[in-house]
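Worksheet for the structure shown next.
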Amino acid sequence: MVWCLQSRPRVMAQLRTGPDGRSTTGRELAPFGRRLVDVLIAERHITPEQLSQAVAEQVRTEDKMVHVIVRLGLMAEDDLLAVLARQYRLPIVDVPDQMSDDLLRLVPAALAKKYEIFPVTRTPTTVTLAMIDPTNLSALDEVSFRTGLRVLPVLARPSMIRRHISRVYESSAATLADVLSLAEAEMARGQTNGREFEMQDLRASADQAPIVRLVNAILDEAIARGASDVHLDPTQATLRVRFRCDGMLIEAMAPPRHVEPAVVSRIKIIAGLDISERRLPQDGRIKHRYQSREIDFRVSVLPTIYGESVCMRVLDRNALKLNPRDLGFDAWSLAQFQKAVQSPNGVILITGPTGSGKTTTLYSALQTLNSPDVHIVTLEDPVEYNLAGINQVQVRDDVGFTFATALRAFLRHDPDVILVGEMRDVETAQMAIRAALTGHLVMSTLHTNSCPATIARLVDMGLPPFLIASALRLVVAQRLARTVCAECREPSEIDETSLAAYGHVPQGLGPVVVYAGKGCASCHFTGMRGRVAIYETMPVSPELNELVLANAPTTEIQRVARDQGMRTLREAGLLKVIEGAVTVEEILRVTAD
């Protein structure tokens, strides 16, 4: 191993030197996270309070401190990278999209995932390694030992390194196919002579290695693709496996139906459900370890005529954006949203269809208010993400613990802020309005198509207009639109006025550059990767209150709201087109005229 130590570049020797210039041993060297936050505190990039928040999040997620700091919005990724480069005197590089197989083979997948490293270039005697933690001597030694080359560490964006690891090392289509073949063969052996699975066979078959690997591979593939849901639907001949990626369902595989009992039973076992019950719906939860992260899956099992259908909602805490600035608000809408969130009382409503990101917007508002001097309680069905410092309560309709009864109990707990997962009925809506009128800030969701239509919906539920006008502070309608893949996007120039036919209000910009994706491996050849929220924001002004009291039609409320600065969902979406984030076709798909 002596030759490995001697082969390290000069910067590794500097990393073994303490602040006073004296040599230190590896054991005395401060951990990377501790060294990093010390620098950030000393240079006043973050405050001690923000450090406490980051440390708590790191302990909870077991993620690297650099990812935690960026995810919490404490620093921009490029700013943090600049601090690391200055601290360790290392260059910052961009990881190229195309690399030879010989270069990639220098760092096996297990090693790349373990240390979050990625090979960039090589010479006959050296290999350049993009790293998040350049002080990780174990990673340097292991790569040097495996390759026989001198390792030159460089820095790259943490998100870029993770993206390339996911693209290159976690492309599991072949793995899924291999695992599926093994599972099919195993299940076929268990069904020789036409014998179907009996109940006592279910647990044994679900615990067989091929089935365990198949279920794990499905969960891993869903996370790697950034899916929001996994669907396993039995048909007459197959078990159809689909992922909902960026709001669209994509078929991943269709194994023979005879694997369905074992696959579903395996999912039930790890979700803590009853495998003997195949006649009634069941709900459970799975905690799945993926790399260094723990991902939750919310499981719902539904009996069908061909077997049991399974839907698993992927709850990735690391993908949750808790900074309102990262959600997609334009400047005016963000200012209105932040002003309403800081109100001492009133009702804030987030509206939109299922899967439009309403919960994320509400959680970002709660995170803005989350501090030791603010008592926050939430009432959800179900609780999707656990938020530190916030009292979250699960609705239990089966024991009579409904939204309305829980709200009554909440008011005896002296809350400052109340989140109600959904206004499902008039009793819940009335309780929420009255809570706002007695000095609480109440946030909730409602299923309506636009902000002005929300007023009509509340009146239709049976709420008196005077209560609505007295309590309502802000209404936000939102949709999620797929963004153009950054890896394969191609520019084209159009005149801004050409978008007027779709509802755009020209800003006098003239020719603008828009983008469309041509399709690549990174976006699974769809041209789209990721989603951005589109917001219609309507602060309830005194003029709008008068219209509410007068039972004015929705069209009149919309006209006044637009005069006061509100952009419709279509208008907000077309601005995203001009910014180059989405396509016109995508905006037309997710918004109404």
Side-chain angles (χ1 to χ4, degrees), residues 166 170-245 248-279 281-284 286 288-290 295 297-314 521 524-526:
S166 175
E170 295 172 8
S171 180
S172 55
T175 303
L176 275 175
D178 294 342
V179 174
L180 178 58
S181 297
L182 291 173
E184 288 181 17
E186 191 72 31
M187 293 303 99
R189 284 195 296 271
Q191 287 191 326
T192 54
N193 300 322
R195 183 178 66 86
E196 294 293 332
F197 280 104
E198 299 177 0
M199 191 56 61
Q200 58 265 32
D201 297 327
L202 280 177
R203 181 174 294 276
S205 62
D207 288 336
Q208 291 174 356
I211 293 298
V212 172
R213 289 179 59 195
L214 177 59
V215 171
N216 288 340
I218 291 172
L219 300 182
D220 285 346
E221 176 75 355
I223 299 168
R225 289 197 185 194
S228 61
D229 300 88
V230 182
H231 293 265
L232 287 79
D233 300 313
T235 66
Q236 190 170 8
T238 65
L239 175 65
R240 187 164 59 167
V241 180
R242 294 179 293 173
F243 300 137
R244 187 174 294 279
C245 299
M248 308 295 287
L249 276 175
I250 301 171
E251 185 161 316
M253 64 172 74
R257 185 187 161 199
H258 63 249
V259 307
E260 180 264 334
V263 170
V264 173
S265 294
R266 177 61 189 170
I267 293 173
K268 284 183 173 182
I269 288 171
I270 58 179
L273 302 179
D274 182 2
I275 66 170
S276 65
E277 180 55 75
R278 299 174 62 86
R279 301 166 301 172
Q282 296 188 71
D283 296 313
I286 294 172
H288 180 69
R289 175 65 63 174
Y290 179 76
I295 310 296
F297 287 80
R298 195 178 75 215
V299 181
S300 177
V301 182
L302 184 69
T304 70
I305 59 173
Y306 292 120
E308 291 182 285
S309 174
V310 179
C311 177
M312 295 182 284
R313 170 64 58 89
V314 185
H524 300 283
F525 300 96
T526 63

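The structure displayed is predicted, hence computed values, not measured ones.
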Mind checking what makes salt bridge (Lys or Arg N to Asp or Glu O under 4.0 Å) contact with [X], not counting sequence neighbours?
| X | value |
| --- | --- |
| R298 | E384 |
| E260 | R278 |
| R242 | D233 |

Name the residue from V301, T304, L239 that meets the side chain to side chain contact (heavy atoms under 4.5 Å, CB included) definition with S309.
T304

Would you indicate whether the side-chain heavy atoms of [Y] and [X] approach each other to under 4.5 Å?
| X | Y | value |
| --- | --- | --- |
| L232 | V264 | no |
| V241 | V263 | no |
| M248 | T526 | no |
| L214 | M253 | yes |

Among all residues two or more places apart in sequence or in another chain, which pass the side chain to side chain donor-acceptor pair (under 3.5 Å) test with [X]?
| X | value |
| --- | --- |
| D274 | S276 |
| S228 | none |
| H288 | D220 |
| R313 | D229 |

How long is the span from the [atom1] atom in [X] to the [atom2] atom in [Y], to the nearest 0.5 Å?
| X | Y | atom1 | atom2 | result |
| --- | --- | --- | --- | --- |
| Y306 | T238 | OH | OG1 | 10.5 Å |
| E308 | Q282 | CD | CD | 7.0 Å |
| I223 | F243 | CD1 | CZ | 10.0 Å |
| I269 | I211 | CD1 | CD1 | 11.0 Å |
| R289 | I295 | CZ | CD1 | 9.0 Å |
| I275 | R266 | CD1 | CZ | 11.0 Å |

Partners of P303 by side-chain contact (heavy atoms from CB on, under 4.5 Å), sequence neighbours excluded?
P281

Please name the pair of heavy atoms, one in M312 and one in V299, separated by the smallest distance, quoted to 0.1 Å.
CG-CG2, 3.9 Å

E251 atom CD: more than 12 heavy-atom contacts under 6.0 Å
yes

